[in-house]
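Okay, so here's the structure we're looking at.
None of the values given here were measured: they were computed from a predicted structure. Values below: all heavy atoms of this structure, side chains included; hydrogens, waters and symmetry mates excluded. Convention: sequence-line order gives letters A, B, ...; per-chain numbering from 1.
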Number of protein chains: 2
Amino acid sequence: MASSTEGNRRPVRLADIARAAGVSHGTASNVFSRPEIVREEVRERVKAAAEAMGYAGPDPKGRLLRAGKVNAIGVATTEPLSYFFDDPFARTMMAGISEACDATGAGIALVSAGNEEKLAWNIQSALVDGFILFCIEGGSRLVELTRERKLPFVALELGFDDDTVSAIGVDNVAGARLAAHHLAELGHRRFAVLALPFADDSTGLVSPERIRTAVYTGTRDRLVGYFEALSRFGVDTTKVPVYETENDEASTKAGLETIFAAAESPTAILAMSDRMAMIAIEWLAARGMAVPDDVSIVGFDGVPDAALCDPPLTTVAQPIAEIGRRAARTILDFDGTVRRETLGVELVVRASSGPPPETA
Amino acid sequence: MASSTEGNRRPVRLADIARAAGVSHGTASNVFSRPEIVREEVRERVKAAAEAMGYAGPDPKGRLLRAGKVNAIGVATTEPLSYFFDDPFARTMMAGISEACDATGAGIALVSAGNEEKLAWNIQSALVDGFILFCIEGGSRLVELTRERKLPFVALELGFDDDTVSAIGVDNVAGARLAAHHLAELGHRRFAVLALPFADDSTGLVSPERIRTAVYTGTRDRLVGYFEALSRFGVDTTKVPVYETENDEASTKAGLETIFAAAESPTAILAMSDRMAMIAIEWLAARGMAVPDDVSIVGFDGVPDAALCDPPLTTVAQPIAEIGRRAARTILDFDGTVRRETLGVELVVRASSGPPPETA
DNA sequence: GTCTATTTTTGAATCGATCCAAGTTCAGCG
DNA sequence: CGCTGAACTTGGATCGATTCAAAAATAGAC
């Protein structure tokens with residue numbers, strides 16, 4: 001029966017019920033958005049008409065255009081969407097962002113895309129009031145794309161220098177110094193570094209030249225911090241192998257192969273991410289090397305998983321959730337200025353680091 | 001210099017550059033959305049004008065209104081936003097949803113809210129093409145609110161019977177049967193059940209009356225499954241303590257206190273969630289009871305963490321990511337029909353279950 | 001130089017609401 | 001009975017784009 005009237009889809013809009021109720025669309029609008037200013041009798045009539053016609057309530061699309069504000073912040077990355085739920089670092093960050101959004105009632109829109117073209121489109125068409133950018137990879141492209149939108153945005157883990165963008169990060173030099181100092185103080189003198197990318201194009205042992213011309217300043221800063229602390233203990237840093245990975249399993253393992261194939265294998269590994277550190281622990285275990293008895297490892301990031309692995313990882317902990325919280329607030333309370341924050345890090349000593357083996 | 005012209009914020013719109021370039025809005029619009037149909041000379045002129053005036057590109061707000069489609073799906077829950085990133089079950093589900101969204105290029109909007117009123121508003125005003133509802137708690141309210149929007153939606157973990165809503169779930173009875181059968185077959189005869197809520201108002205040992213009048217049919221179904229399998233082994237299910245919790249630490253621990261305070265303590269625990277099962281393992285360890293030597297435990301859900309805890313948890317695994325994927329597809333390929341899917345579950349035997357102690 | 005076919009461009013209509021200045025209604029008062 | 005002010009309503013303008021039928025410009029043929 002009903003279907004005979006319905007037939008095809010007919011989106012009922014405010015104007016329809018206004019007409020049905022015999023009032024202007026202005027009044028009909030008020031019934032929904034400011035009911036108190038409409039006389040009760042009229043209000044009831046309009047509501048009844050809405051009910052009868054199956055009106056779904058003011059369509060946010062229309063409201064949005066008028067109001068201008070979406071009340072949601074976009075979080076973008078070049079990784080696939082599942083990155084936000086799979087990666088421990090991202091998850092912790094998102095928890096911080098969530099907290100700030102919950103507090104103000106803002107929503108979160110996740111933006112990502114497989115290929116470059118889709119990413120551009122998704123960023124251009126995302127319905128948000130601002131962006132938080134996860135710049136883990138392809139950060140400069142992401143920043144470039146987002147800048148076009150002319151909306152407030154803040155970069156996280158920004159890998160390169162650009163004073164015109166708001167960014168929140170940590171003191172990489174100080175953090176790295178902490179990690180290297182800790183190991184050197186324990187007595188280690190033979191080190192190897194598992195590095196994040198210095199630029200986009202390759203992996204492998206890095207030359208001083210590559211370090212000098214690094215695109216990703218975060219990577220360079222961490223290395224500088226490591227070397228600063230090591231030099232202070234008399235370590236010849238030119239002899240320390242630095243293997244550049246892509247922070248994934250394959251390249252990290254390749255790095256470990258290379259490092260331990262050398263004549264003098266290290267007693268301590270400085271990993272620029274917990275991810276690599278944990279892969280290293282696993283790799284060493286598989287080769288029968290004990291952590292920390294044979295080799296000590298210190299990570300970087302302080303993801304929750306690092307406390308749970310075996311042995312629990314000594315690492316340089318970033319205040320990840322706090323970074324997320326501040327990033328969200330930067331967008332939520334945007335005031336038109338470029339905001340740059342550098343937060344402190346903390347060395348969390350757990351069981352993956354200890355004195356070097358006696359025989360060494 | 002520049003600032004003297006800019007002064008205050010002036011949102012440049014398409015009409016502005018059209019005027020500046022001396023073309024109609026129609027043509028200006030085409031330059032951006034279908035550049036191939038406008039003559040090169042004109043296209044360049046318009047683009048130059050856009051560049052000169054600092055135009056950010058067609059505003060999605062305007063486009064949206066015209067196009068009608070947002071190209072994003074909303075995921076809603078009554079929990080705070082961080083639930084999506086903290087809870088292992090939710091995370092796995094979101095990974096599945098992400099996958100389906102990535103495949104079609106759709107975005108994800110997270111919707112949630114502290115209080116009831118905000119939730120209603122957030123659902124009413126979310127810019128999405130459809131909803132996926134996490135009905136873990138307050139599911140009926142969530143469904144009610146969402147129905148108002150008259151958008152496609154699908155419920156997950158729907159706790160109650162309602163044939164008018166699309167939902168994706170698992171065969172709770174069969175899953176529970178698997179769990180109980182496994183334990184009974186190992187020789188256990190003294191059981192206790194850690195149950196999810198039967199209704200919203202209380203926790204504690206449940207009466208047959210409460211089971212019969214259960215609001216949450218999922219809970220009831222799992223219990224039915226447990227009891228069916230146990231009966232087949234001659235266990236008097238009326239003697240099996242069933243403790244209703246809120247699936248959190250406090251109430252689960254209270255349940256364990258109660259259960260183990262009884263004269264005949266159980267040798268096996270059937271937990272309706274991995275969460276409770278893992279809390280139980282911890283609680284038992286703290287009391288010096290060994291799992292599975294003194295007490296066996298079987299969980300329900302199959303979250304990734306269950307494989308990592310100590311001892312690894314035997315559990316009834318739901319195809320969580322697959323549920324997420326199907327939910328997303330239900331919205332993405334919405335055809336106007338009510339879709340109900342019930343997926344199978346699988347018993348994953350790990351180290352938390354074994355034969356009962358000899359002395360028992 | 002005219003006519004037809006094709007390529008471009010135009011401008012009004014539309015999407016679905018909210019806002020607001022101006023107009024209407026009505027009770028109370030002198 | 002007219003006047004005043006408060007309480008409601010109205011209808012046009014606006015938000016920022018896209019669409020499409022019709023008009024205009026251009027090209028090609030004869």
Side-chain angles (χ1 to χ4, degrees), chain A residues 9-47 49-50 53-71 121 124-129 149-151, chain B residues 9-47 49-50 53-71 121 124-129 149-151:
Chain A
R9 48 184 83 269
R10 34 91 217 227
V12 185
R13 52 200 194 300
L14 191 52
D16 296 327
I17 70 158
R19 197 175 322 115
V23 298
S24 72
H25 53 266
T27 299
S29 174
N30 286 335
V31 168
F32 292 97
S33 42
R34 305 134 85 193
E36 70 284 359
I37 74 161
V38 175
R39 191 154 44 98
E40 171 156 7
E41 188 260 315
V42 177
R43 201 193 315 147
E44 292 308 325
R45 181 150 43 94
V46 173
K47 279 193 170 159
M53 303 180 70
Y55 181 56
D59 186 327
K61 295 202 273 290
R63 194 207 319 276
L64 170 62
L65 182 57
R66 192 85 247 269
K69 270 222 135 201
V70 184
N71 198 33
W121 173 256
Q124 271 164 33
S125 63
L127 292 156
V128 298
D129 298 321
R149 274 296 295 270
K150 314 225 155 126
L151 285 178
Chain B
R9 48 184 83 267
R10 34 90 217 228
V12 185
R13 50 201 195 301
L14 191 52
D16 296 327
I17 69 157
R19 195 176 325 115
V23 298
S24 69
H25 337 267
T27 299
S29 173
N30 286 334
V31 168
F32 292 97
S33 41
R34 305 136 85 193
E36 69 284 359
I37 75 162
V38 15
R39 191 154 45 98
E40 171 156 6
E41 188 261 312
V42 177
R43 199 192 317 147
E44 291 310 325
R45 181 150 43 97
V46 173
K47 278 192 171 161
M53 303 180 70
Y55 181 56
D59 187 328
K61 296 203 273 291
R63 194 208 318 277
L64 170 62
L65 182 56
R66 191 88 247 277
K69 268 221 136 200
V70 184
N71 197 35
W121 172 257
Q124 272 164 32
S125 62
L127 291 157
V128 298
D129 298 321
R149 272 298 293 271
K150 313 225 156 127
L151 286 178

Out of curiosity, B/R66 CZ to B/S33 OG, how far, rounded to the nearest 0.5 Å?
-> 11.5 Å
Nearest to side-chain heavy atoms of B/D59, which nucleotide of D/dT19, D/dT10, D/dA17 = D/dA17
Please give, in whole Å, the distance from D/dT9 P to A/R43 CZ?
-> 9 Å
Euclidean distance, atom CZ of residue B/R34 to atom P of D/dA17 [Å, nearest integer] = 16 Å
Heavy-atom count around A/E36 CD within 6.0 Å, excluding the residue itself: above 12?
-> yes
Classify the nucleic acid contact of A/Y55 as base, sugar-phosphate or nothing, counting any heavy atom under 4.0 Å across all strands shown.
-> sugar-phosphate
In whole angstroms, the gap separating C1' of D/dA25 from CZ of B/R39 amounts to 9 Å
Between D/dT14 (P) and B/L14 (CG): distance, integer Å | 17 Å
What closest approach, in Å, do B/K150 and A/A56 show between heavy atoms, and which atom pair accounts for it?
-> CG-CB, 3.5 Å
Between B/V23 and B/G62, whichever has its closest DNA chain C nucleotide further toward 5' is B/V23
With A/Y55, which of A/I17, A/V46, A/D16 fulfils side-chain contact (heavy atoms from CB on, under 4.5 Å)?
-> A/I17
Between atom CZ in A/R66 and atom P in D/dG16, what is the gap in whole Å?
-> 9 Å
When the distance from CG of B/N30 to P of D/dC20 is rounded to whole Å, what number comes out?
-> 11 Å
Can you pull the contact range of chain A along DNA chain C, 5' to 3', using atoms under 4.0 angstrom from its heavy atoms?
-> C/dG16 to C/dC19
For B/V42 and B/T27, work out which heavy atoms get closest and say how close.
-> CG1-CG2, 4.0 Å
Ignoring backbone atoms, establish whether B/R63 has a side-chain N or O less than 4.0 Å from OP1 or OP2 of D/dT18.
-> yes
Send over the distance from A/E36 CD to D/dC8 C1', rounded to a whole Å.
-> 13 Å
Of A/G26 and B/P58, the one whose closest DNA chain D nucleotide lies more 5' = A/G26
Shortest non-hydrogen pair, A/P35 vs A/F32, comes out as CD-O, 4.0 Å
Is the shortest side-chain N/O distance from A/T27 to OP1 or OP2 of D/dT10 below 4.0 Å?
-> yes
Rounded to whole angstrom units, what separation is found between the NE2 atom of A/H25 and the C1' atom of D/dG12?
-> 7 Å
Provide the closest heavy-atom pair for A/D129 versus A/L151 in the form atom of the first, atom of the second, distance.
-> O-CD2, 4.1 Å
